[in-house]
Amino acid sequence: MKHRGKNKPKNEMIKAGRWLVLPIILVLAVVPLLVRAKVYSIGLSQFPWFQNDQMAAELFLQVKQQAIIAVAILMLVIISYYLIGALLTNQSRYSDGFLKEKGQWRWEPAFYPLAAYMLLAIISTVFSPNAQYGYRGAHEQFESLFVILAYGVMVVYTFWAVSSEQAMKTLEIGFLIGISLLCGLGLLQITGNDLFRSALGAKLVLPKGMGGSLNFTFPLNQVYLSLYNPNYVGMYVSLVIPVIAALFITNRHLKMRIWYGLLIGSLLLCLIGSGSKTAFVTLMFSTLLLLVFYRKKLLQNKMITVIGLTVAGVFVVAVILFMGNSFFERLRASLQFSGNPEYELSELLTDQQKIQLTYKGEKAELLADAAAEGGFRLQSPDGQVIPSIFSEENQVIAFRQEPFTEIPLLITDQNEERTELQWQISGIAWDFAYRANEFVYITPLGKEDQLVEVEKGLFQNQESFATHRGYIWSRTFPLLKKYIFLGSGADTFTLVFPQRDYLGKSHNNFHNTIITKPHNLYLQIAVQTGVLSALAVIAFYLLYFIGSLKLYWKSDFSGYFSKVGGAVFIGSIGYMVSSFFNDSTITVAPIFWTLMGIGFAMNAQVKKEMLTGESKE
């Protein structure tokens, strides 16, 4: 039986190739724009560190999760269609290289560690005690197991689909249109005309029956685009600007250069409006890479060099005008290693018999004692009682020995079942209860819990580093010992992070905050799907990095594939660097993984051109 696709005219194959990139355009250009209010069950009220609310509404994450999974399913359907055709006829239905090229299956060695990551994610989630969160996506994240698997599908599908210059050019235009629309949203937001805060925006975002207006936690002029969090704007810009800047340097068409330049300027304004600090560091690094890799092009075209330097200068001036010199001071302060301050309250623990604290370097224990005034006594660890006096009128136990004279104990309520206590220490009210012969801590949410000793790791003495990321990292590193082979399950970081570290949180401005992410992609992967899976992701990227470095280090970027490939390579480095300070988020990660598929596809085409001696503009 002859296969009809074998005799397709060339223009029909090109048209088919362009249709194949439409799902990719959806990922790059449409999914980031999706905003839709959805009500969901949080499923965390059983934990003492979380509120009692059972239901919540959000705008940005669930709709993207559903769209990403839907697009990945569409990609799988297309792959299956062509795969069945290839297996039945021993050749690809699409003869321009979707699955096969010249009779050979198209594949990359880097896809093996990628497959290992996917497999470990599945096993980690299936065997997780919190698997339900991994299947549906967790509160404030919604990067479920199925989303992680979708990332893998996107990489491979994109690698297969972008097999011609015409397909890549179609994809590039679609991506640029999506970036342009996002920039439009950002420019409206920075001028105080946020679409989503308007009546029109509410109608677009809120389903029928869900009336009212939208309220946001960030100020009116702060830029968040449609990416949920202003910090994610920084991550998006860190990924996209280097790609566009590299294309700006290499593209000779004036109209495209004008488009690239306008997008770069708009994205920089969005970055300023977002207030994200880490993105500035990433962009400085990416700029250095651009200067190194595109040195030949920059030396050949001095006009582009002058324009680039002018844009950089204007950008610095704009940052100063919009945000002031204090921004750079805050950036410097957040990235320096300054050590932890001396906290007045350095230890606070509870067990069934006592409350143990260290205040201004002095240790003491509070115990219930019916013979003591007020029913409680404070003593040193060796049992020596610290004198106190009890005020019946104010229900206050005042201690008579330094430094504990500064922290009187207030009895806020007392009945047959329990006695409620409050200690005002260093400006924070710590609430406790004594009942059934045991002390319990009353969380800011009014729930009972215990104050426990939390294991600390790297950065434990640099907790304020990178806007207190040092604190989160210091509590995350010890978790890795438990998750070397298998992780806690997709989207379960919130559940395994030591949320009961109430004292540590109070020292680092997280007193009434739930830590839902580690602010480090590599730690996030290592905890949720295992250290081995994190190594697999790193191996996947290193294979791409080494292959790209060999291709583009001495490249003159004269061919279209090398121009796009080099641009994606620089952008991917920016993303991997920014990932030391940011998590994988469903708002930006799909773009990165799709660009990785483009990167592998471009590298394959560049290698083919090198073998054949051809290079197309």
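Proximity of the aromatic rings of Tyr224 and Tyr232 is defined here by a centroid distance below 6.0 angstrom, and this criterion is not met. Taking the six-membered ring for Trp, Tyr117 and Phe540 have ring centres at least 6.0 Å apart. In this structure, Phe293 has its ring center under 6.0 Å from that of Phe569. For an aromatic pair to be called close, the ring centres must be under 6.0 Å apart, and Phe216 with Phe196 fails this.
Residues forming a side-chain contact (heavy atoms from CB on, under 4.5 Å) with Ser180 (at least two apart in sequence, or on another chain): Trp259, Leu263. Residues satisfying the ring pair (Phe, Tyr, Trp, His ring centres under 6.0 Å) test with Tyr157, not counting sequence neighbours, are Phe98. Applying the side chain to side chain donor-acceptor pair (under 3.5 Å) rule to Thr529 yields the partners Ser533; only residues at least two apart in sequence or on another chain are considered. With sequence neighbours left out, Ser578 forms a side chain to side chain donor-acceptor pair (under 3.5 Å) with no residue at all. Tyr522 is linked by a ring pair (Phe, Tyr, Trp, His ring centres under 6.0 Å) to Phe580, counting only residues two or more places apart in sequence or in another chain. Applying the ring pair (Phe, Tyr, Trp, His ring centres under 6.0 Å) criterion to Trp105, with sequence neighbours excluded, gives no partner residue. For Leu542, the side-chain contact (heavy atoms from CB on, under 4.5 Å) test picks out Ile538, with sequence neighbours left out. Residues that satisfy the side-chain contact (heavy atoms from CB on, under 4.5 Å) test with Ser144, not counting sequence neighbours, are Gln65, Ile69, Phe146, Val147. Not a single side-chain contact (heavy atoms from CB on, under 4.5 Å) links Leu299 to another residue, sequence neighbours left out. Applying the ring pair (Phe, Tyr, Trp, His ring centres under 6.0 Å) rule to Phe111 yields the partners Trp107, Phe159, Phe600; only residues at least two apart in sequence or on another chain are considered.
With hydrogens and angles left out, the side-chain atoms of Gln605 and Lys608 include a donor and acceptor closer than 3.5 Å. Between the side chains of Glu609 and Tyr560, no donor-acceptor pair is found at a separation under 3.5 Å. Looking only at atom types and distance, the side chain of Tyr552 has a donor-acceptor partner in the side chain of Asn603 under 3.5 Å away.
Taking the ring axis of Phe557 as reference, the NZ or CZ atom of Lys296 does not stay both within 45° of it and closer than 6.0 Å to the ring centre.
Residues Leu182 and Ser266 have side chains not in contact (no heavy-atom distance under 4.5 Å, counting atoms from C-beta outward).
Heavy atoms only, all atoms of each residue included: Leu34 and Val63 are closest at O-CG1, 3.7 Å. Nearest approach of Lys64 to Ser226, heavy atoms of both residues: NZ-O, 2.8 Å. When all heavy atoms are compared, the tightest approach of Leu271 to Leu283 is CD2-CD1, 3.4 Å.
Evaluation of the ring pair (Phe, Tyr, Trp, His ring centres under 6.0 Å) test over residues 161-191, restricted to residues two or more places apart or in two chains, returns none. Listed by first and then second residue, the side-chain hydrogen bond (donor to acceptor under 3.5 Å, both in side chains) pairs that reach into residues 587-599 are Thr585-Thr587, sequence neighbours excluded.
Of the candidates Gln524, Glu143, Gln141, Ser584 forms a side-chain hydrogen bond (donor to acceptor under 3.5 Å, both in side chains) with just one, namely Glu143.
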